[in-house]
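Each remark here refers to the structure printed beneath this line.
Numbers restart at 1 for each chain; the letters A, B, ... are given by sequence-line order, proteins then strands.
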Amino acid sequence: MTTVAALAATIDRALRDAMGRALPAGLAGADPQVRRSARGDFQANGLLSAARQAGMSPRELAEKVAASVDGQGVIAACEASGPGFLNITVTDSALLGQVSARLGDDRLGIPASEHGITVIDYSQPNIAKEMHVGHLRSTIIGDALARILGFLGEEVIRHNHLGDWGTQFGMLIEYLIEHGEDWQHEAGSAEESLSRLNRLYRDARAAFDSDPGFADRARRRVVALQAGDPRTLAGWREIVAESKVYFNEVYDKLGVLLTDEDAVGESFYNPFLPEVADELERLGVAQVDQGALCVFFDDITGPTGERIPLIIRKSDGGFGYAATDLAAIRYRIGTLHARRILYVVDIRQALHFRMVFETARRAGWLNDQVHAYHVAFGTVLGPDGRPFKTRAGETVRLISLLDEAVERARAVVREKSRHLDAGSLEATAQQVGIGAVKYADLASNRAKDYVFDLDRMVSLTGNTGVYLQYAHARTRSILRKAGDEAAAVARVHPGVALDPAERALALKLDELGATLDDVAQAYEPHRLCGYLFELAQAFTAFFESCPVLRAPDQPTRENRLVLCKLTGETLKTGLELLGLAAPDQL
RNA sequence: GCCCCGAUAGCUCAGUGGAUAGAGCGACUGCCUCCUAAGCAGUAGGUCGCGCGUUCGAGUCGCGCUCGGGGCGCCA
């Protein structure tokens, strides 16, 4: 593995050196603020503020730095401009050198910048219930973050915090035990599992509401479950297993990394709950109030101004989700040695996590070395701008939503890709349809409410997943037609001048590493989407104006082949980090 | 009442304190004897919710508002 420094980083260092010579010692570390620019390849904005702090003329400092900077064969021109900006142009040979160096490394020259263990808690569906679009968001965003942090060197532990415990299981298990003969768990499709579960829920609910005797037995069943009664636990396990059939089919359709090994549900923490409560009480973090074990916060109050607690243990002695969340934090730090825990959860739980994290800090579990962060995402809305529901006001079945996306993609693929055989056509429809849903979810700022509009996602024009897949397929198509051997032996010719479209593409190709660092910094996958879209646009512009196979001469042809190759590899890497497929042809 | 999130083109959204705020969709005008037209080029479309402040410089930072969404004791 050979790390390749980005041109922006090389320029940054060269400017820092020159600034260090021109500025007083105290300001030697000033940031030159190197950015991409329309006025040159890069511009440096940091000299204005540095000069002011040093009591110098910004314009004079800029001219001095421009004159003394060591270009190292990378900087072709560095000119002072306006009140004190620097406009920087890089050499064509440096651009081609970057492309060549990245292509020579299986990580595209990107360094592993993360070092540690991170637990990512995502997806979190509830047993015996339908997954909804909120789970879809958590699953897709969490999956992308797991892939990206992992690529950057982090040891990622995926946790699917299944809602597999609670009082609602009483009536389900009781009903199962009383009417179990016509409810046999069997291998089957997710749809079948789901309808069995829905039927169980509906029938159990009906019995609970209409039959006081049943309701009573259901309540006793909750106690039996908590006490670990074997017959009751067996029923619980049956329900959990049935649900997992459904979840796994959804995960399989979506193409996410989650497996059964990642399922660490709420029930897993049950044995730890009493000791967590005891420890918090012993530490003085929690205290009994109105019979419940509570943690209070001076700045968290209710509508009438009274302080609102985080309830660790309810007044009836039972444990709520706060206890489970705290036990999970303690386990992930104490046993898994995580340095960071991420929760990909709906933004509406922001206050809950604030209280949980603060409690964990008071207990000493979280500190300067160990962080927890709520990777919050907004509510999913329908095309009408209201929370996403069917016309009848019911939650939308996730499976049918995904199937519909694939169905629409299939129609387009059938229309546009007549060269594909039936098998590849179906595979492509899956990759395109699922990719459209995932890209749409990942492409906008996660904190905002998000409009789930299947028409838009699967329109398959413009800024959608398929645009990136299409650009990737075009790179592969060119390389195929060039002949894989010719593509393999092509090398850069640094002496050949580059066209504007070639330069723009090469500059964009150099930015993947910085983009991934940005994503990892703020846990914002949409930055990677934005980058890949820009890269695909740069490639398409190159495709339009720079013929590869019919290039005017052999060196130009090879330079372009190499650009195609790196573009393809970069798009493929980026798509995979988002969890999208990168088919070789569309 | 307090807290959180949001407000940028008709719609959906990007936008590291930098120079003239960008995409996509939709609308309009063009482009396939040529490596994939799922594409490209162009035109039209903006008081960046409002005000004050900080700064050489604010869509971006701070404060105060307006509007929308959400949250606030024993559900998760």
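D518(A) and T515(A) share no side-chain donor-acceptor pair at under 3.5 Å. For the residue pair Y439(A)/N463(A), the side-chain donor-acceptor check at 3.5 Å is satisfied. One side chain, Q124(A) or S138(A), offers a donor N or O that lies under 3.5 Å from an acceptor on the other. For the residue pair S81(A)/E79(A), the side-chain donor-acceptor check at 3.5 Å is not satisfied.
Taking atom OH of Y439(A) as the reference point, atom P of A23(B) lies 15 Å away to the nearest angstrom. Rounding to whole angstrom units, CG of residue L468(A) and P of G39(B) are separated by 11 Å. Regarding I347(A), its CD1 atom lies at a distance of 7 Å from the P atom of G6(B), rounded to whole Å. One atom, CG of L381(A), and another, P of G6(B), lie 15 Å apart when rounded to the nearest Å. With rounding to whole Å, I127(A) atom CD1 is found 15 Å from A76(B) atom P. Between Y450(A) atom OH and G70(B) atom P there is a gap of 19 Å when expressed in whole angstrom units. Atom CG of L454(A) is separated from atom P of U12(B) by 17 Å (rounded to the nearest Å). To the nearest angstrom, P of A76(B) lies 15 Å from NE2 of H132(A).
In textbook terms, a nucleotide whose glycosidic angle is within 90° of 0 is syn, while G45(B), being further out, is anti. Glycosidic conformation, C52(B): anti, with the torsion outside 90° of 0.
One N or O donor and one acceptor, one from the side chain of E306(A) and one from the base of G73(B), sit under 3.5 Å apart. In this model, a side-chain donor or acceptor of N87(A) finds a partner on the base of A19(B) within 3.5 Å. Residue-to-nucleotide contacts include a donor-acceptor pair under 3.5 Å from the side chain of S417(A) to the base of A38(B).
C72(B) sits 34 Å from G15(B) when the C1' atoms are compared, rounded to a whole Å. The gap from the P atom of G71(B) to that of G17(B) amounts to 32 Å, rounded to the nearest Å. A gap of 25 Å separates the C1' atoms of C5(B) and U47(B), to the nearest Å. One P atom belongs to C35(B), the other to C11(B), and the distance between them is 40 Å to the nearest Å. On the P atoms, A9(B) is 8 Å away from G49(B), given to the nearest whole Å. As rounded to the nearest Å, G18(B) and G64(B) have P atoms that lie 25 Å from one another. Comparing U8(B) with G59(B), their P atoms sit 15 Å apart, to the nearest whole Å. Atom name P, nucleotides G73(B) and A14(B): the rounded distance is 31 Å, in whole Å.
Between F357(A) and Y343(A), the ring planes lie tilted relative to each other; the angle falls in the 30° to 60° range. Between F353(A) and H374(A), the two ring planes are tilted [angle within 30° to 60°].
In terms of position on RNA chain B, the residue among A541(A) and D346(A) whose nearest nucleotide sits closer to the 5' end is A541(A).
Look at R16(A) and D12(A) and you find a salt bridge, because one of the NZ, NE, NH1 or NH2 atoms lies within 4.0 Å of a carboxylate O, short of that distance. With respect to E569(A) and K572(A), no salt bridge is recorded, no charged nitrogen being found less than 4.0 Å from a carboxylate O. Ion pairing between R354(A) and D299(A) holds under the 4.0 Å rule for side-chain N and carboxylate O. Between D441(A) and R446(A), no side-chain nitrogen of the basic residue sits less than 4.0 Å from a carboxylate oxygen of the acidic one, so the salt-bridge criterion is not met.
For the pair R221(A) and F169(A), the cation-pi criterion (under 6.0 Å, within 45° of the ring axis) is not fulfilled.
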### Query
Can you give one letter per nucleotide of nucleotides 25-36 of chain B, going 5' to 3': B for a protein heavy atom under 4.0 Å from the base, S for sugar-phosphate only, - for none?
S--------SBB
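Using modelled atom types, one side-chain atom of Y531(A) and one backbone atom of K508(A) make a donor-acceptor pair closer than 3.5 Å. Between the side chain of T556(A) and the main chain of A551(A), no donor-acceptor pair closer than 3.5 Å is present.
Side chain of R348(A), nearest nucleotide from G73(B), A23(B), G71(B): G71(B).
Residue A292(A) is classed as a base contact, given a heavy-atom separation below 4.0 Å to a base. In this structure, Q124(A) reaches neither bases nor backbone, as no heavy-atom distance under 4.0 Å exists between it and the strands shown. Among the atoms of the strands shown, base atoms are found under 4.0 Å from some heavy atom of P309(A). Nucleic acid contact class of S81(A) (heavy atoms, under 4.0 Å, all strands): base. In this structure, Q43(A) reaches the bases: a heavy-atom distance under 4.0 Å links it to at least one base atom across the strands shown. If you check every strand for non-hydrogen atoms under 4.0 Å, G302(A) touches a base. Among the heavy atoms of the strands lying under 4.0 Å from N45(A) is at least one base atom, whether or not backbone atoms are also near. Within 4.0 Å (heavy atoms only), T540(A) reaches sugar-phosphate atoms of the nucleic acid but no base atom.
Within the structure, salt bridge (Lys or Arg N to Asp or Glu O under 4.0 Å) pairs that include any residue of residues 475-484 of chain A comprise R476(A)-D584(A) (at least two apart or interchain).
Across residues 557-564 of chain A, not one residue has a non-hydrogen atom less than 4.0 Å from an atom of RNA chain B.
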### Task
Could you check F533(A) against Y467(A) for ring pair (Phe, Tyr, Trp, His ring centres under 6.0 Å), going step by step and ending with a plain yes or no?
CA-CA 8 Å; F533(A) 182 66; Y467(A) 182 84; 5.0 Å; yes
Under 3.5 Å, which donor-acceptor pairs link side chains of residues 31-43 of chain A to any protein atom two or more places apart or in another chain?
residue : atom : partner : partner atom : Å
D31(A)  : OD1  : Q33(A)  : N            : 2.8
R36(A)  : NE   : D41(A)  : O            : 3.1
R36(A)  : NH1  : E511(A) : OE2          : 2.5
S37(A)  : OG   : R39(A)  : N            : 2.9
S37(A)  : OG   : Q43(A)  : OE1          : 2.7
D41(A)  : OD1  : R503(A) : NH1          : 2.9
D41(A)  : OD2  : V90(A)  : N            : 2.8
D41(A)  : OD2  : R503(A) : NH1          : 3.1
D41(A)  : OD2  : R503(A) : NH2          : 3.2
Q43(A)  : NE2  : N45(A)  : OD1          : 2.8

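Counting only Watson-Crick or G-U wobble pairs whose defining distances are both under 3.5 Å, the stems of 3 or more consecutive pairs in RNA chain B are B:1-7 with B:66-72, B:10-13 with B:22-25, B:27-31 with B:39-43, B:49-53 with B:61-65.
By the neighbour-count criterion of 12 heavy atoms within 6.0 Å, atom NZ of K64(A) is sparsely surrounded, having that number or fewer from other residues, nucleotides or ligands.
Note on K416(A): a side-chain N or O is less than 4.0 Å away from OP1 or OP2 of A38(B).
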Any N/O pairs under 3.5 Å between the protein and nucleotides 14-16 of chain B? List them or say none.
residue : atom : partner : partner atom : Å
A14(B)  : OP1  : N445(A) : N            : 2.4
A14(B)  : OP2  : K448(A) : NZ           : 2.8
G15(B)  : OP1  : H526(A) : NE2          : 2.9
U16(B)  : O2'  : R35(A)  : NE           : 3.3
U16(B)  : O2'  : R35(A)  : NH2          : 3.2

